[in-house]
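Notes for the one structure printed next.
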Protein chains: 2
Amino acid sequence: MRQDEPVAPSRQPSRPAPRRPRGRPSNPLLTVDGITAAAVRLLEERGQDGLTMAALARRLDVAPSALYNHVADKQDVLRAVQDHVNAGIDCSAFGVLPWDEALAAWARSYRDAYARHPALVPVMAVTPVRSAPHTVAMYERVSAGLTAAGWPGHLVTNVVVAVESFVLGSALDTQAPEDIFDPGDLAAAAPAFDAANRARPGGDTALAAFEVGLQALLTGLRVLRAPGSVPGEERRTP
Amino acid sequence: MRQDEPVAPSRQPSRPAPRRPRGRPSNPLLTVDGITAAAVRLLEERGQDGLTMAALARRLDVAPSALYNHVADKQDVLRAVQDHVNAGIDCSAFGVLPWDEALAAWARSYRDAYARHPALVPVMAVTPVRSAPHTVAMYERVSAGLTAAGWPGHLVTNVVVAVESFVLGSALDTQAPEDIFDPGDLAAAAPAFDAANRARPGGDTALAAFEVGLQALLTGLRVLRAPGSVPGEERRTP
DNA sequence: ACCTGAACACCGTTCAAGT
DNA sequence: ACCTGAACACCGTTCAAGT
């Protein structure tokens, strides 16, 4: 039993609807920030498919077409939501902790944020940062931290993007069902795969994979930044 | 000038439409494989939004509702397409080259495949492998390769998932526009970020970031598998 | 069993009319 | 400028009717 019509936060308890006049209201009912906040709540409460322009309008007690006076389209709403989410990512460790620890803390906070909003992962991967102030502020903090730690300029953005790709992929993995690797009837045809799955420790498996990858990535990045400081660069050992 | 109505592969050159009788055809017009193949072509030619049940039906010269005699829903079509795409990922290096080189070759092929089908990234991250034979076969080859190379069973799947997360995130990054990091008006407020972007070499930037991350990941994994074989595990160097 | 065609309950978006 | 309400061109999916 769904409850979609909210039984009216009624001013008049028994009238069918407190209809608004047809014309322009004396002061605006909507703002971009208000639309963004409502969209975030909708996304958190009902998930990816729950964010429709109609549902958003209903939340704001407005006709769907009213939204288009403040945003260009639905993609525009998603961009605003994305910047809001990025504002919540913690990059405060840069300039405080060593660069690798700061990178790890940022990556964990980043993954957490997008694990809560997996629908935004494809948006984040593809949306230009201009006119997304919190997003730019985040990249500034990270870039400044890496640069100050001695990373050569030509590598900084590539390192950021590499970590980000791992983080966003890991955020998606968070949404996988527990039995995603259950081979079903195909178990007999895939003995090594089946054995590996059985040997995998239980608990938060997505987190375990993320931490394995994060540690590996950081170890490799330490080598990349300061060749010679880390044993093993000669590679191959039989 | 779009050309959506294909001008008829006409049997009768001037009649309005070669209408089929209303009832069941003497032998089936559709198969799951045929639907899958048409969906792949549609996805490649028109992108994510081009794959609709109506477009798929038109390609197959059938009413949209006919599809539901062979697939459960659109998600089911995407699952079939995903298994088809996974069949094209090259994991032949496992058991032939050293495990780290095989892992790198697999990752590159995997990223290429999903860069061609970014719409499938969220599908791949979340879809159970049972009844996806090619997908299971891929994981079997990879798991067997890592296990044979001495990876402890409790780590194998986590390593696979970690690499996969990086690969899928990198496949999404492939879709980013060239100017994604152009800070526009915000450049003055983000000097380190702006400088890092200017110092980033041109060319295929997504590929460059992928290769940086892949090398780092592999270096770290070598350390994880064989502690002591690689210098630098003592970490911190001021 | 496997197709057609009509129908349903949605989408995002546009636009004239209103103040 | 900023709202409403009607309208448009789509979606994915269901189902009775047909053979």
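Sequence lines set the chain letters: A, B, ... in the order given, protein chains first and strands last, and positions in each chain run from 1.
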Provide, to the nearest angstrom, the distance between the [atom1] atom belonging to [X] and the [atom2] atom belonging to [N].
| X | N | atom1 | atom2 | value |
| --- | --- | --- | --- | --- |
| B:Asp61 | C:dC2 | CG | P | 18 Å |
| B:Arg58 | C:dT4 | CZ | P | 14 Å |
| B:Leu67 | C:dG5 | CG | C1' | 14 Å |
| B:Asn69 | C:dT4 | CG | P | 9 Å |

Quiz item: Would you call B:Arg116 and B:Asp112 a salt bridge, taking side-chain N to carboxylate O under 4.0 Å as the test?
Solution: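 No, this pair does not count.
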Exercise. Look at A:Glu45 together with A:Arg59 and state whether they make a salt bridge at an N to O cut-off of under 4.0 Å.
Key: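 Counted as a salt bridge, because a side-chain N and a carboxylate O are separated by less than 4.0 Å.
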Practice problem: Can you run down the salt bridge (charged side-chain N to carboxylate O under 4.0 Å, His left out) pairs that involve residues 159-188 of chain B, sequence neighbours left out, and say none if there aren't any? | Solution: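 Checked against salt bridge (charged side-chain N to carboxylate O under 4.0 Å, His left out) - neighbours excluded - the pairs reaching residues 159-188 of chain B are A:Arg130-B:Asp179.
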Self-check item: Spatial distance of atom CE (B:Met138) from atom CZ (B:Arg141) [nearest 0.5 Å]
Solution: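 B:Met138 atom CE to B:Arg141 atom CZ measures 12.5 Å (nearest 0.5 Å).
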Self-check item: Considering all heavy atoms, the nearest A:Thr36-A:Ala80 contact
Solution: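 Closest approach of A:Thr36 to A:Ala80: OG1-CB, 3.4 Å.
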Quiz item: Is there a side-chain polar atom (N or O) of A:His70 under 4.0 Å from OP1 or OP2 of D:dA1?
Solution: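 No, no such contact exists.
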Exercise. Could you tell me whether the side chains of A:Asn86 and A:Thr135 share a donor-acceptor contact shorter than 3.5 Å?
Key: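 Checked: A:Asn86/A:Thr135 side chains pair up, N/O donor to acceptor below 3.5 Å.
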Exercise. Indicate for each nucleotide in nucleotides 12-19 of chain C, in 5' to 3' sequence, whether protein heavy atoms under 4.0 Å reach the base (B), only the sugar-phosphate (S), or nothing (-).
Key: SBBB--BB
Self-check item: Stepwise side chain to side chain donor-acceptor pair (under 3.5 Å) check, A:Gln82 with A:His117
Solution: CA-CA 9 Å; A:Gln82 176 224 34; A:His117 301 282; over 6 Å; no
Quiz item: Any chance NE2 of B:His70 has more than 12 other-residue heavy atoms, nucleotides or ligands included, within less than 6.0 Å?
Solution: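 More than 12 within 6.0 Å, yes.
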Quiz item: So what's the dot-bracket for DNA chain C: Watson-Crick or G-U pairs under 3.5 Å, [ ] if a pair crosses, | if it pairs off-strand?
Solution: ||.|||||...|||||.||
